[in-house]
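Proteins come first, then strands; the chains are lettered A, B, ... in the order of their sequence lines, and each starts at number 1.
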Amino acid sequence: MDKKLYITTAIPYVNSTPHIGNAMDYLLADIWARYQQQQGYEVRFQAGADEHGNKIAAKAAENGLSPQEYTDQQVVGFRKLIEAVGAGVTDFVRTTDPRHVAAVQYIWKKLQPYIYKGSYEGWYCVGCEAFYTDKEVQENAGVCPDHQKPFERVKEENYYLKTSAFTDKIRDAIESGEMTIVPDNRRTEFLELIKDGLQDVSISRPRRSLSWGVPVPDDPDQVIYVWIDALANYITVLGYPDIDGWQLYWPADVQVVGKDIVRFHAGYWPAMLLGLGLKLPKKLLVHGHVMVGGAKMSKSVGNVVDPLEVIDNYGVDAFRYYFSRHVPTLDDGDFTWERFEMTYNNELGNDLGNLMQRVAAMIVKYQAGVIGQSEQAEHDMSLYHDAMDNFEFNKAMDEVWSMVRSLNQYIDNVKPWQIAKGLGSDPEAEPHLSDVLAHCAGALLQIGDLLVPFMPHTAASIHAMFEDGVVHPPAGMMYPKIYQHTADPRNASNQ
RNA sequence: CGCGGGGUGGAGCAGCCCGGUCAGCUCGUGUGGCUCAUAACCACAAGGUCGUAGGUUCAAAUCCUACCCCCGCAACCA
């Protein structure tokens with residue numbers, strides 16, 4: 001019985017605090033996971049942290065900590081975000097986990113036939129302990145801006161992975177659909193990129209320039225560079241190679257990545273897998289970036305939005321709502337506090353929250369809370385499911401909201417409050433009203449079902465309110481108005 | 001000619017692949033309705049020569065050509 005699915009998220013480099021992009025990864029993966037669970041699948045859901053490298057070591061030193069102490073501290077923030085987003089992660093891997101480290105060394109050995117020693121030459125800054133591209137050197141007139149020292153021409157020994165040898169197989173896999181890249185234009189983009197073949201990639205650094213990392217087996221002078229170390233997490237977390245059971249989940253059904261790291265996941269990673277004799281992931285889901293007011297989010301501009309701030313102020317479901325519906329799943333999206341707050345008030349408060357309230361109130365008022373029986377007209381959900389299958393979560397949500405609108409319209413057309421006026425005199429009134437209100441409650445329950453992957457708390461509230469034949473009015477108002485970033489219209493008339 | 005995305009009423013978008021039934025949706029604005037509800041909900045209205053110039057066609061936002069303008073990417077930032 002093939003009911004097990006596996007979805008992964010990119011593991012963030014923990015040298016800074018979590019941002020919206022990380023949250024997008026977790027959110028999209030979680031929506032998919034919950035949707036599949038609803039369909040009866042068992043879903044394994046990985047997340048993790050990339051903890052090696054010079055930047056980490058440097059940051060640790062700045063803070064007077066050992067690298068391990070520093071990452072121990074940093075990882076907490078990411079776990080907190082995962083929890084805050086409500087992502088049902090089942091496995092969390094850190095690249096400093098001893099099991100992972102051992103597995104990476106095993107992988108290195110197994111890839112031996114495809115590894116060779118070469119030399120790398122480039123512009124190096126002693127202060128940064130890092131190489132720079134020709135362009136960067138040019139832009140800074142040959143002087144490191146951080147250290148005010150001239151770049152040096154340095155040549156060093158590196159191990160390389162023969163990714164070039166796998167170009168054809170990878171291209172075939174993408175073209176045949178064995179490994180699909182979603183959306184299509186990302187696939188095209190990547191195929192274009194490897195038109196002339198993949199270039200071999202440097203996978204190690206001399207110990208003197210990279211001390212915080214996994215040692216290369218049998219070569220004390222070299223340390224494994226990020227690629228093999230980080231990408232391997234997707235299988236080491238499952239237990240590869242020594243803990244049995246990983247075979248049940250690999251190849252991954254979906255790997256969620258941001259558009260900026262497609263090439264690593266569509267190129268290097270498959271090369272590694274092929275070298276190991278493993279299957280390629282079935283699908284790479286490439287999402288876009290979140291912009292702020294049309295501009296790139298960046299620390300230097302100072303427009304970075306902290307996902308936790310959004311969640312703390314408006315709640316998880318509001319966060320999940322905005323970033324699943326108003327940020328296109330497969331494209332870039334935009335965030336501003338004003339826009340966020342407006343959709344919160346209008347769509348969650350006015351459209352949905354108020355709808356739940358008015359239906360519940362009428363049933364309580366006219367029928368003492370008893371929900372009658374009504375045949376539910378089965379809504380055509382195919383557009384919703386198609387959208388879900390195509391990873392167009394935003395479109396699926398549009399479908400749900402059109403149901404919300406329809407129900408509001410239906411209520412206004414049928415006017416239950418007028419039917420209620422005939423309750424004492426007209427014998428038809430009671431069954432008619434009961435039927436209408438039961439229909440409303442039923443429609444809301446359907447909406448609740450569709451919201452399960454997106455807004456688990458809201459879905460649960462809807463079910464709790466209407467599912468057992470008696471209305472249970474909510475303890476508090478659903479999505480009460482918040483006016484922190486937009487004008488409060490209620491003040492307008494008072495002034 | 002490095003690669004890719006985009007320019008549609010005040011704002012944000014859909015439609016373009018498979019030309020006509022396309023000028024649509026949400027927000028905002030105006031008017032009206034309703035009173036079950038979170039000053040909410042519902043209806044109607046105003047507003048666009050669909051970046052520019054040509055071309056193909058009975059017919060183009062939709063296909064072709066040229067040009068203009070924005071924005072990403074170009075190996076380690078989701």
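- Each of B:rC77, B:rC41, B:rA75 was ranked by its minimum atom distance to the side chain of A:Lys55; first place goes to B:rC77.
- Between A:Arg186 and A:Ile261, it is A:Arg186 whose nearest contact on RNA chain B lies nearer the 5' terminus.
- Whole-Å rounding puts the A:His265 NE2 to B:rA75 P distance at 18 Å.
- Atom CG in A:Asp332 sits about 17 Å away from atom P in B:rG4, given to the nearest Å.
- In the set B:rA78, B:rC42, B:rU38, B:rU38 carries the atom at the smallest distance from any side-chain atom of A:Asn350.
- Taking atom C1' in both B:rU62 and B:rC44, the straight-line distance is 30 Å, to the nearest Å.
- Nearest to the side chain of A:His19, among B:rC3, B:rA78, B:rA74, sits B:rA78.
- If A:Met291 and A:Thr188 are placed on RNA chain B by their nearest nucleotide, the residue sitting closer to the 5' end is A:Thr188.
- Contacts of A:Val290 with the nucleic acid, taken as non-hydrogen atoms under 4.0 Å apart, include base atoms.
- Straight-line distance between the P atoms of B:rG12 and B:rA53: roughly 23 Å, to the nearest whole Å.
- Note on A:Lys421: a side-chain N or O is less than 4.0 Å away from OP1 or OP2 of B:rU35.
- Residues A:Tyr159 and A:Trp108 bring their aromatic ring centres within 6.0 Å.
- Proximity note for A:Gln357 (side chain, C-beta onward) versus B:rU38, B:rC77, B:rC36: the nearest is B:rU38.
- Across the protein-nucleic acid pair, A:Lys259 atom NZ and B:rA75 atom P stand 15 Å apart, rounded to whole Å.
- Contact between A:Pro480 and A:Asn345 at its shortest, heavy atoms only, is O-OD1, 4.5 Å.
- The listed nucleotides are B:rC36, B:rA75, B:rC41; the one nearest the side chain of A:Asn408 is B:rC41.
- Between the side chain of A:Thr163 and the main chain of A:Gln199, a donor-acceptor pair closer than 3.5 Å is present.
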Using the rule given for side chain to side chain contact (heavy atoms under 4.5 Å, CB included), can you reason through A:Tyr344 versus A:Tyr479, listing the C-alpha separation, both sets of side-chain angles and the distance that settles it, and then say yes or no?
CA-CA 8 Å; A:Tyr344 169 89; A:Tyr479 301 109; 3.5 Å; yes

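- Of the candidates B:rC36, B:rA74, B:rA78, the closest approach to any side-chain atom of A:Arg263 belongs to B:rA74.
- Here A:Lys80 does not pair with A:Glu83 in a salt bridge; the nearest charged N to carboxylate O distance is not below 4.0 Å.
- Taking atom P on both B:rG51 and B:rC17, the two are 15 Å apart, rounded to the nearest angstrom.
- Using a 4.0 Å heavy-atom criterion, one finds that A:Ala361 contacts the sugar-phosphate atoms exclusively.
- Within 4.0 Å of A:Gly258, counting heavy atoms only, lie sugar-phosphate atoms of the nucleic acid but no base atom.
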With the sugar-phosphate defined as primed atoms, P, OP1 and OP2, and the base as all remaining atoms, what B/S/- string results for nucleotides 25-34 of chain B, 5' to 3', for protein heavy atoms under 4.0 Å?
-SSS----BS

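- Within 6.0 Å of CD on A:Glu428 lie no more than 12 heavy atoms contributed by other residues, nucleotides or ligands.
- Using a 4.0 Å heavy-atom criterion, one finds that A:Gly267 contacts no nucleic acid atom at all.
- Enclosure of atom NZ in A:Lys481 by more than 12 non-hydrogen atoms of other residues, nucleotides or ligands within 6.0 angstrom is indicated.
- B:rA61 and B:rC13 are spaced 15 Å apart, taking the C1' atom of each and rounding to whole Å.
- The local environment of NE2 in A:His457 is sparse, with at most 12 non-hydrogen atoms from other residues, nucleotides or ligands closer than 6.0 Å.
- Heavy atoms of A:Met478 sit under 4.0 angstrom from at least one base atom.
- A distance of about 38 Å separates the P atoms of B:rC64 and B:rG28, rounded to the whole Å.
- Looking only at distances, no side-chain donor or acceptor of A:Glu156 sits under 3.5 Å from a matching main-chain atom of A:Arg205.
- Spacing between atom CG of A:Asp260 and atom P of B:rC3 amounts to 22 Å, rounded to whole angstrom units.
- The side chain of A:His289 places no N or O atom within less than 4.0 Å of a non-bridging phosphate oxygen (OP1 or OP2) of B:rA78.
- In this structure, the nucleotide among B:rU38, B:rG72, B:rC36 sitting nearest to the side chain of A:Met477 is B:rU38.
- At least one cation-pi condition fails for A:Arg263 and A:Tyr268: the charged atom is not both under 6.0 angstrom from the six-membered ring centre and inside a 45 degree cone around its axis.
- For A:Tyr234 and A:Trp269, the ring centers sit closer than 6.0 Å to each other.
- The phosphate of B:rA43 has OP1 or OP2 within less than 4.0 Å of a side-chain N or O from A:Gln409.
- For the P atoms, the distance linking B:rG32 with B:rU21 amounts to 35 Å, nearest Å.
- A straight line from CZ of A:Phe190 to P of B:rA74 spans 14 Å, rounded to a whole angstrom.
- Whole-Å rounding puts the A:Glu192 CD to B:rA74 C1' distance at 13 Å.
- Rounded to whole angstrom, the span from the CD atom of A:Glu189 across to the P atom of B:rA74 amounts to 10 Å.
- Side-chain proximity of A:Asn185 to the nucleotides B:rA75, B:rG5, B:rC41 is greatest for B:rG5.
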So what's the dot-bracket for RNA chain B: Watson-Crick or G-U pairs under 3.5 Å, [ ] if a pair crosses, | if it pairs off-strand?
.(((((((.[[[[.)....(...]]]].(((((.......))))).....[[[[[..)....]]]]])))))).....

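- The side chain of A:Tyr479 lies closest to B:rU38, out of B:rU38, B:rC77, B:rC41.
- Here A:Tyr114 pairs with nothing under the side-chain hydrogen bond (donor to acceptor under 3.5 Å, both in side chains) rule; sequence neighbours left out.
- The P atoms of B:rA74 and B:rC3 are separated by 16 Å, rounded to the nearest whole Å.
- Between A:Phe264 and A:Trp227, the distance separating the two ring centers is shorter than 6.0 angstrom.
- The residue A:Trp401 sits apart from the nucleic acid: no heavy atom pair falls under 4.0 Å.
- The separation of B:rA46 from B:rU52, taken at their C1' atoms, amounts to 28 Å, rounded to a whole angstrom.
- Rounded to an integer number of Å, the gap from A:Phe78 CZ to B:rA78 C1' is 10 Å.
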